[in-house]
Amino acid sequence: MHRKPKSAQRSKPAVSELATWAVSEAVSNGRVHAEPRPKTRGEFQRDRDRIVHSTAFRRLEYKTQVFVNHEGDLFRTRLTHSIEVAQIARSIARALSLNDDLTEAIALAHDLGHTPFGHAGQDALNECMIDHGGFEHNLQSLRIVDRLEERYGAFDGLNLMFETRAGILKHCAPARARDLGAVGQRFLDDRRPSLEAQICNLADEIAYNNHDVDDGLRSGLITLEQLEQISLFARHVRQALLEFPRLTGRRLIHETVRRVIDAQVTDLLTETQQRIAANGIKTLADVEHAPPLVGFSAAMQAENRELKTFLRTELYRHYQVVRMTNKARRVIRDMFAAFLAEPRLLPPQYQASGAQEGMPRVIADYIAGLTDRYAMKEHRRLFTVGEGVEP
Ligand code: MG
């Protein structure tokens with residue numbers, strides 16, 4: 001194994017290695033509840049570790065990305081999606097001399113608030129909550145790390161660093177931002193998030209576009225012939241075949257997808273470096289007041305749009321996917337209505353918090369926290385005579 005000299009292994013990255021516009025512990029707004037500094041890690045490493053150890057993170061293993069968890073063992077789940085996002089985000093952050101620990105923490109946490117059954121589940125829960133403040137998975141991710149995780153004696157939630165929490169809160173309507181205090185303030189002041197947070201948004205997009213192509217091909221719902229109509233893929237299929245003329249099947253797909261990811265990351269790095277220079281960025285405050293700095297070139301953006309449109313029409317709206325999402329919506333709506341009509345169907349601890357938080361919000365927390373398979377089981381227990389009632 002290739003090893004670095006001992007001194008290099010031990011030394012922590014010096015602050016001077018970070019760009020002057022990166023988030024660092026020195027400029028951080030810290031944690032809501034004061035805690036002693038970690039002895040062997042940085043503060044943002046500690047955040048990442050707290051996220052990895054959380055219950056909500058483990059639940060991602062059984063939550064849908066596009067394909068429901070029981071449809072096949074090789075499709076992405078929310079967990080593997082989050083790990084792929086973290087990998088891409090971390091690589092980009094490091095290449096730009098930004099805080100890669102913070103970037104990784106945000107990426108690993110970005111989907112913690114997702115409901116079971118992917119976007120169909122979130123849309124259904126949002127409809128159920130329409131008169132009770134709505135439901136949005138970003139806000140729910142923040143709610144989980146701020147309040148719902150029960151792990152520490154001294155506080156609710158994970159008590160993460162301000163910048164990690166701010167990065168998780170990707171979008172937020174001004175009305176909601178007012179209730180969130182300091183972490184929502186940038187939406188009221190029209191300030192941009194840190195570059196570390198901006199990277200996570202784009203890494204999310206790179207990850208899901210590419211792995212949805214891979215999963216779509218694996219499922220047979222889309223074909224390589226269809227994909228060859230999409231310029232971004234056509235170009236990289238050609239390049240893969242130039243290098244390996246006889247390549248077919250899964251190896252051709254992987255050789256193509258890895259080239260597309262590489263092309264997108266490279267394009268994003270070049271474009272972002274240019275925007276940082278063009279906007280004369282020197283400090284974190286400059287980042288907050290500049291237009292979005294992390295992004296693709298116009299050409300890559302156009303190709304990306306073409307790919308997204310293709311995925312929407314051919315994969316996300318494929319009748320087999322629609323059948324699944326339709327069923328998923330019904331499961332969520334049925335459960336919500338049943339719990340709202342009779343809150344005593346909820347586990348006792350949820351009934352108790354309903355008194356403080358309002359029953360609809362607590363029902364939304366309960367439903368959002370279910371995994372796909374637990375939601376299906378819970379639905380059967382609520383509606384099928386002869387099913388067991390115990391959890
Ligand atoms: Mg995501």
Side-chain angles (χ1 to χ4, degrees), residues 56 59-82 84-85 110-141 143-144 170-171 201 204-205 207-222 307-340 360-361 363-384:
R59 286 191 178 126
L60 297 177
E61 182 173 4
Y62 298 104
K63 290 193 178 194
T64 293
Q65 186 61 31
V66 172
F67 295 91
V68 176
N69 186 255
H70 65 264
E71 289 182 307
D73 288 349
L74 295 177
F75 296 124
R76 267 66 174 193
T77 66
R78 283 273 156 210
L79 180 65
T80 59
H81 161 70
S82 300
E84 289 181 38
V85 175
H110 86 283
D111 271 351
L112 287 181
H114 244 294
T115 60
F117 311 122
H119 283 279
Q122 129 136 359
D123 293 347
L125 195 52
N126 187 32
E127 282 164 27
C128 295
M129 287 292 288
I130 212 74
D131 296 328
H132 315 286
F135 179 89
E136 213 281 308
H137 82 266
N138 265 302
L139 279 163
Q140 191 68 11
S141 299
R143 189 168 157 79
I144 286 170
K170 194 162 71 172
H171 343 271
N201 290 342
D204 189 20
E205 202 177 310
Y208 68 67
N209 281 330
N210 284 286
H211 67 48
D212 288 353
V213 163
D214 187 42
D215 282 352
L217 291 168
R218 187 183 299 280
S219 69
L221 299 188
I222 57 174
L307 173 62
K308 282 176 132 177
T309 308
F310 168 81
L311 284 172
R312 194 166 52 242
T313 50
E314 303 301 327
L315 182 63
Y316 309 143
R317 290 184 189 161
H318 191 287
Y319 85 97
Q320 281 175 260
V321 175
V322 172
R323 280 185 181 198
M324 183 284 283
T325 52
N326 194 271
K327 249 189 286 193
R329 274 203 187 89
R330 205 169 317 132
V331 168
I332 301 264
R333 277 200 295 255
D334 287 353
M335 285 195 294
F336 189 90
F339 288 133
L340 195 61
R361 182 57 57 194
I363 295 170
D365 286 341
Y366 179 69
I367 292 176
L370 303 175
T371 59
D372 291 5
R373 58 186 190 172
Y374 197 90
M376 290 185 278
K377 195 169 168 193
E378 184 73 333
H379 188 263
R380 282 198 302 275
R381 283 194 298 233
L382 287 168
F383 294 100
T384 310

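Heavy-atom minimum distance, Pro116 versus Ala368: CD-O, 3.8 Å. In terms of heavy-atom proximity, Ile332 sits nearest to Ile367 at CD1-CG2, 3.8 Å. When all heavy atoms are compared, the tightest approach of Phe336 to Ile363 is CD1-CG2, 3.5 Å. Between Val85 and Ala207, the shortest heavy-atom distance links the atoms CG2-CB, 3.7 Å.
With contacts defined as side-chain heavy-atom distances shorter than 4.5 Å, the pair Thr77/Leu60 does not qualify. Between Tyr208 and Leu311 there is no side-chain heavy-atom pair separated by less than 4.5 Å. For the pair Pro360/Met129, a side-chain contact is recorded, criterion being any heavy-atom separation below 4.5 Å from C-beta on.
With Tyr316 as the fixed residue, the side chain to side chain contact (heavy atoms under 4.5 Å, CB included) test singles out one of Thr325, Asp212, Val322: Asp212.
Distance check: Gln140 CD to Gln122 CD gives 10.0 Å after rounding to the nearest 0.5 Å. Here the straight-line distance linking atom NE2 of His110 with atom CG of Leu112 works out to 9.0 Å at 0.5 Å rounding. In this structure, the separation between CD on Glu205 and CG on Asn210 is 10.5 Å, given to the nearest 0.5 Å. Between atom NE2 of residue His379 and atom CZ of residue Arg381 there is a gap of 12.5 Å, rounded to the nearest 0.5 Å. To the nearest 0.5 Å, atoms CD (Glu378) and CZ (Arg373) are separated by 14.5 Å. Atom-to-atom distance recorded for Tyr62:OH and Leu79:CG is 9.5 Å, nearest 0.5 angstrom.
The pair Arg218-Asp214 meets the salt-bridge criterion, since a charged nitrogen lies less than 4.0 angstrom from a carboxylate oxygen.
Note on ring orientation: taking the six-membered ring where Trp is involved, the planes of His81 and His211 are perpendicular (angle over 60°, cut-offs 30° and 60°). The aromatic rings of His137 and His119 sit perpendicular, their planes meeting at an angle over 60°, well past the 30° parallel limit.
Screening residues 311-322 for salt bridge (Lys or Arg N to Asp or Glu O under 4.0 Å) gives no qualifying pairs among residues at least two apart or on separate chains.
Not a single ring pair (Phe, Tyr, Trp, His ring centres under 6.0 Å) links Phe135 to another residue, sequence neighbours left out. With sequence neighbours left out, Asn138 forms a side-chain contact (heavy atoms from CB on, under 4.5 Å) with Glu136, Lys170, His171.
The main-chain N or O of Gly216 is found under 3.5 Å from a side-chain atom of Ser219 such that the two form a donor-acceptor pair. For the pair Arg361 (side chain) and His132 (backbone), a donor-acceptor distance under 3.5 Å is present. Under a 3.5 Å cut-off, the side chain of Asp372 and the backbone N or O of Thr64 do form a donor-acceptor pair. Under the 3.5 Å distance criterion, the side-chain polar atoms of Thr80 are left unmatched by any main-chain donor or acceptor of Arg76.
Side chains of Asp111 and Ser82: no donor on one and acceptor on the other come within 3.5 Å.
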